[in-house]
Structures are given as C-alpha cells and as structure tokens.
Asker: 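One structure follows; several queries about it will come next.
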2 protein chains.
Amino acid sequence: MSRPAPLSPPTPKPADKLTIQDVATYAGVSKATVSRYLNRGGEQLSADVEARVAKAVRELGYSPSPMAQALKRGKSRLIGLVVADVSNSFSVAVLRGVEKACRDAGYMVMLFNLANDEQLEREAIRALSAYRVEGFILHTLGHDAGALADAAQLGKPVVLVDRKVGDAEVDLIALDNRSAVQSAAGHLSEAGYRHLLFISEPLKAISSRNERASAFQGFIAEHADSLSGAVFEARAGDDAALDEALRALRRRAGDAPAAVLAANAVISLRIAAATARLGWQLGTDLGLIGFDDPEWAALVGPGITAISQPTDDIGRVATHCLIERLQGAQLPPRQVLLPGTLVRRGSTRRA
Amino acid sequence: MSRPAPLSPPTPKPADKLTIQDVATYAGVSKATVSRYLNRGGEQLSADVEARVAKAVRELGYSPSPMAQALKRGKSRLIGLVVADVSNSFSVAVLRGVEKACRDAGYMVMLFNLANDEQLEREAIRALSAYRVEGFILHTLGHDAGALADAAQLGKPVVLVDRKVGDAEVDLIALDNRSAVQSAAGHLSEAGYRHLLFISEPLKAISSRNERASAFQGFIAEHADSLSGAVFEARAGDDAALDEALRALRRRAGDAPAAVLAANAVISLRIAAATARLGWQLGTDLGLIGFDDPEWAALVGPGITAISQPTDDIGRVATHCLIERLQGAQLPPRQVLLPGTLVRRGSTRRA
DNA sequence: TTGTATGCGTTATCAC
DNA sequence: GTGATAACGCATACAA
C-alpha cells in the first residue's frame, strides 16, 4: 500500500474568518489602505494599489465583520422590528416590506413577535435594545405606552405602523382610515345598500380600529338622510351574537338592502361563515366589504369586496422614515397616511 | 427674571451606552471582576464583591454589548432564518416557532425572505454569512443546491425544514408525509369515498410535494381493490383545467363518492372555490381533505377537513437541532419526521 | 498617497 | 480572589 496521501494544502480560510489583515497581506499593503478602499471606494488611492486591493478582496471573497464595524463605529446597522402577531396577514405583509427595504438600505432586521401578548411589548424593546438595534419599527398592541417610553429614553428612534400608542409624538405610517372608510361606505351606498353595520373585533386600545369605527359613524351622520348605520364589536368565538347582529340588521332594513363593513380580514371571514350558516347569499341578501385583501378574499363565496392596504408601501415608507432619523434628521413627528384601494367583487353586487 | 436654571445634572448614560468599565467603577472593582461575575455567576468571588457588582449591574441597568462579545468570543449568537415565502402560512408558522425557540435559547434571529424567488437563495446565504450568523435554518425552494454548498463550505451548520434540497446530507425536520398521506387517504376511504384525486401545485423540485404525491400513489396501489386514484398538478391561475379535472374525477366515479386530497392550503382554497363554481356541495358531492390547517379552514363551506402540521414543533425542533450543532455536537445527519394531526370537518362528511 | 498607532467593549491569560 | 493587560477586527487621527 502506498503511504497516506500528504495532508491537503492548508485549506484557505473560509470567507467568514478572513480579516482585513489577510486582505492587506495578500495585496501587499496595510490594513488602513484596505479599509480606505472599502469605505471610500478607492478615492484617495493610487490606481495601482486600488487594483491590487480590489483583486485581493475579490479573490479572497472578503467581507468585513459587521460586529467589528459596529463596535468601532458605534452603529450596528440593525433595525428592530416588533410585530403584533406574525400570524396576522397584515403584520406579515408589513414585515415583508420592511425586510426588503432594510436589506436594500444595508440594514438587517431583528424580529420580535409579540404573539398578541401585551406583556411582551416591553420585553421586546429590552431584548432588541440589548442587541443594540439603532431604531424600532413597532406594530404595537397599543396597550403599553411604557414600552415606547423605554425606547425614547434610550434615544432610539421609533416609527409606528398602523397603530398609535397613547398620544406619543412619534412617526406613524398607516392607512388613511378616514378616506378608506368613506370610500368603502360610499361604495356600499352607491351599490344601493341603505342599512349598514360596521363590525370589528373588540376596539380596545387599538387606534386603527377606533379610527375606522368613528369614521364610519361620521359618514353615517353626514348621510343620515339616505343611510342608517351602527357599530358592532364581535367577540372572538361568539358566533351566536354575530348571527343575531346580522339578523337584527336585516330586520331593521326590512325590504331595503343591508350591508356590512368589516374592520379586518378576520371579521370578513367570520361574516362570510355566518351568512353561509344563515343561508344568505353574499351580495344579494347581504352586502359585505372588508378591510384587508388576503389571498382567500377572491375565493370565498362570490368574492369579497375589499379595501386593499398598501402593505408593502407601509413597510417601505416606515423603513425610510426610520433610516432618515438614524441619519440624524431632526424632524417633527410625521404622520404618513397612505390610501387604500377598493377592490370590487361579488359580495357588493346586488344584481 | 432669575438667571436660567443650571444645566440639568449630567443625564446618566442610557443603559445602552454603558460599558463594563462603568459598572466596574461604580462597584469599585475592575473590569475583569465584573466580567467574571457576568459569565461565571459570581462563582469565584467573595460575597462582598459579588453583592457590590450585582448591585451596580442592577442599578445601572447594564447589559453587555453583543457586538463586543461576538468580536471577542468569535460567536455572534445569531441564527439565520431563510424562509421561502413569508406570505405562506406554513412559513410563518415555522418562523414563529423558530423565533420563540431562539429567543429562549439566547439567540436572535436574522430573517431573510426569499419571496419565492429562486435567484435569491444564494444571496440569502451570503448576506446572512456576512453578518456572521452561526448557522442556518432553511426553508428552501429546493432549486439551488449551490446555496447549501456555500453554507457547508463556510462550515456553518444548516438545518432544513419541510423540504430537502438535492440529496444533501444535513438535518431535516419535516412532517411525516408518508404517514400523513396514509392517514388522510385512510380517512377518505373510511368515510366511503372510493375515487380519489391528489391535487398539488406543480411538484417541481420541492421535496415535500413529491413525497406526498408518491406516498399517495403508493397508498392507492396498496388498496387497488377498493380505491382508485390519480395525481393532478394544478397550475396557478388555470381554473378551467382544475374544474375539468374535478369533473373528470366525478365522471370516473360515476355513482361512487369521489374526494380530493389537496397538497396544501392554497390548493384547498382553490378547490373550495371550484366546487362553489360547479355548484357542488363539499362533503356530499365531493370530499375534500387538505394539508395545512389555516385559520379559515374551519370557516369555508362546511369546514375543510385538514392535516394540521405541528408547525410550532417543527420550528422548535429545528432550532434545537441547530443549536446542538453549534455547540459542537458531531452527529450524523438526522431526519426528524413529526406526525400530523387529522382534523375532521364537514368537507369529508357524506351524511 | 500610504503606513502606524490607538481604541471601540469584551473576555481570557496572566500575574499578584 | 482580584487586578492589570492583551487581543478580537475594524476605522480613523496622525505621521510620514
């Protein structure tokens, strides 16, 4: 038998463990030069040196350690994203927009899911702070102004998404709820529905739900001559109460057409289920339009008319707002309200 | 007027900017002592010193900088999570489990969403590597074995979730597809359905879809005396083809009951929509059972019977597997197959 | 234009 | 037991 083969040549360091020193040595220059090339893009470098460094970086596959950079610069290039509930399609959609925008801007996202647990909100801020995120995008449960105060006290910018918390003076990116409600209720009115019911999950401290409810009531007040309307809070699991609310709506309407405006996708779905239970046809027996436009909206019954939220934009704008602040912009708190889009489907066709 | 008030006392450093040195000074000890207290929990410390340090840490609200720790220890305590599509309810559910488990184990999650873009898979590995994640949990698109190779070459452990990629020899945590298919098909058979159709999105290179399809065919082959079955790949958007496949199924069945096994929730929904179009009643005219059990499954039609996946467990187990490897365990590649749960609903009741 | 030296906040190896 | 001190990988002020 032949002798064992000689040890394979010293495996090159994985790209991961390469330091700026390795690159410097390889290129025959000093660490500082490599650093300059990396940061200033070879601005103050001789063509020759620049080429050599570029080659070294390329061939070695070097990428600088964000840890070391963070330590040195005092900036982590990390953004903390706190989300009310990743199981909620709206949360996820925003998450998607945020993650993409952060990546494009050279930031990374650290995610913390509250799973609708109000206790966790402060914990989230603390945990992410410990990791030295530079700022927060917060889809809050609205209950804990303390968490927000914590962040503010740390001097870290916060951008709220979809929901305010307390009367905090921070940036907010959200749907233009008032306009959206008007366009939704207007659509129902144009379609001939005369008796409307706004149905939401319990309003609690969640600002978006409250805004939608009061915008609805405002709309009804303005059109009291032609429309009637009421608000109903549907408790999770209590289908009997929901069914009864719907029956009451149609009793009130008599022969006139009645319709429901659902405050979010969860409610839309429950109403679709309720109409099936009651043997009603969506559109003809009961109009339905709902906030949010999940993938199943087009496929349930005759299709559910929806107010589609520009979730990608919300995420993107929130990210940009935050990054602006990270770069030191000293602006007053902003509110960016984005328009929703009405998607007409069978559930609001009486034909 | 009195003179302006004296400057407020120098605001204490935000908890964020405190260093171990601040704590040491406050407690009247050296950095080394504080570090020892933090890491060994005051094992080799005099009671007196331990108490003072503990007090200092508590009162200042100090928490060490993960960056500095990462730099020094060569470990980032970061885990990279690559997800096929955050819009997919299965992906999200796994994400939830992973995030929770990581947090509990003192790791943080860096998220990368592929948005079903096969091009992005390598990019994801690279980006997360640059951030020095210690390992990956990968919900792959199955297309790019190269991405996996990249990770392996970096010497970073990878745990796959739900889907294999190529024939890579790495840990895999997934549903026990074979058993799940057997229990699903068995359930249909017991309920009296005789002619079955397995419907999936295009199988492509996605291992879970292929496994389910072939397990289905295996089951049919074993029960050829009492059952007939076929596989149909439904292209996105082509409802006509889907409708025709369903009609063909019932033609083939004649008077005998026919049922569909849907490979995931997207397909379940499309079939529910199709039956509505065709004017069929789920359960009586056509049986339906689907993989995945999203929140709307109970509310569509008479309720859709489902194979619920233990998504939280999948995420949790994947995380534990990964962490084991991070701690140096040198085990052969493992496959952990978790059982699904049959949730009986109206869509498989012929009564 | 390029190199040398310092320090970011930690942990770990020494001494004492 | 405890305290100096040297790295970890990088960016930068200063020297050359």
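Just so it is clear, the model here is predicted, and its values are computed rather than measured. Per chain, numbering begins at 1; letters A, B, ... match sequence-line order.
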Asker: Provide, to the nearest angstrom, the distance between the CG atom belonging to Asn39(B) and the C1' atom belonging to dT13(C).
Answerer: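 Rounded to whole Å, this separation is 15 Å.
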Asker: Which nucleotide span of DNA chain D, 5' end to 3' end, has atoms closer than 4.0 Å to non-hydrogen atoms of chain B?
Answerer: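 In short, chain B contacts DNA chain D from dG1(D) to dG9(D).
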Asker: What does the list of N/O pairs under 3.5 Å between the protein and nucleotides 6-8 of chain C look like, with a distance for each?
Answerer:
unit_1, atom_1, unit_2, atom_2, d
dG7(C), N2, Lys72(A), NZ, 2.9
dG7(C), N3, Lys72(A), NZ, 3.2

Asker: Closest-nucleotide mapping onto DNA chain D: is Asp48(B) or Leu38(A) further toward the 5' terminus? I mean the 5' end.
Answerer: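 Here Asp48(B) is the residue nearer the 5' end.
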Asker: Does Glu59(B), at its CD atom, have more than 12 non-hydrogen atoms belonging to other residues, nucleotides or ligands within less than 6.0 Å?
Answerer: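 Yes, enclosed.
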Asker: Do Ser46(A) and Asp48(A) have side-chain N/O donor and acceptor atoms under 3.5 Å apart?
Answerer: no
Asker: Determine the contact category for Ser30(A): base if any of its heavy atoms lies under 4.0 Å from a base atom, sugar-phosphate if only primed atoms, P, OP1 or OP2 are that close, otherwise nothing.
Answerer: base
Asker: Are there any protein N/O atoms within less than 3.5 Å of an N/O atom in nucleotides 14-16 of chain C, and if so, which ones and at what distance?
Answerer:
none

Asker: Between Arg96(A) and Ser87(B), do the side chains contain an N or O donor and an N or O acceptor separated by less than 3.5 Å?
Answerer: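 A pair is found: one side chain offers a donor N or O, the other an acceptor, under 3.5 Å apart.
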Asker: Less than 4.5 Å apart, any side-chain heavy atom of Tyr62(A) and any of Ile20(A)?
Answerer: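 The answer is yes, as the side chains (C-beta and beyond) meet within the 4.5 Å cut-off.
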Asker: Does the Asp104(B) side chain pair with the main chain of Ala101(B), one donor and one acceptor, at a distance under 3.5 Å?
Answerer: no
Asker: Out of Lys164(B), Glu121(B), Arg163(B), which one pairs with Thr140(B) under the side chain to side chain donor-acceptor pair (under 3.5 Å) rule?
Answerer: Glu121(B)
Asker: Between atom CD1 in Ile20(B) and atom P in dG9(C), what is the gap in whole Å?
Answerer: 11 Å
Asker: Within the 4.5 Å heavy-atom criterion, are Leu322(A) and Tyr107(A) side-chain neighbours or not?
Answerer: no
Asker: Nearest-Å distance, OH (Tyr37(A)) to P (dT1(C))?
Answerer: 16 Å
Asker: Using atom CE of Met67(A) as one end and atom C1' of dT11(C) as the other, report the distance to the nearest whole Å.
Answerer: 16 Å
Asker: Answer whether the closest heavy-atom distance between the side chains of Met108(A) and Arg77(A) falls below 4.5 Å.
Answerer: no
Asker: Side-chain N or O of Ser46(A) less than 4.0 angstrom from OP1 or OP2 on dT1(C)?
Answerer: no
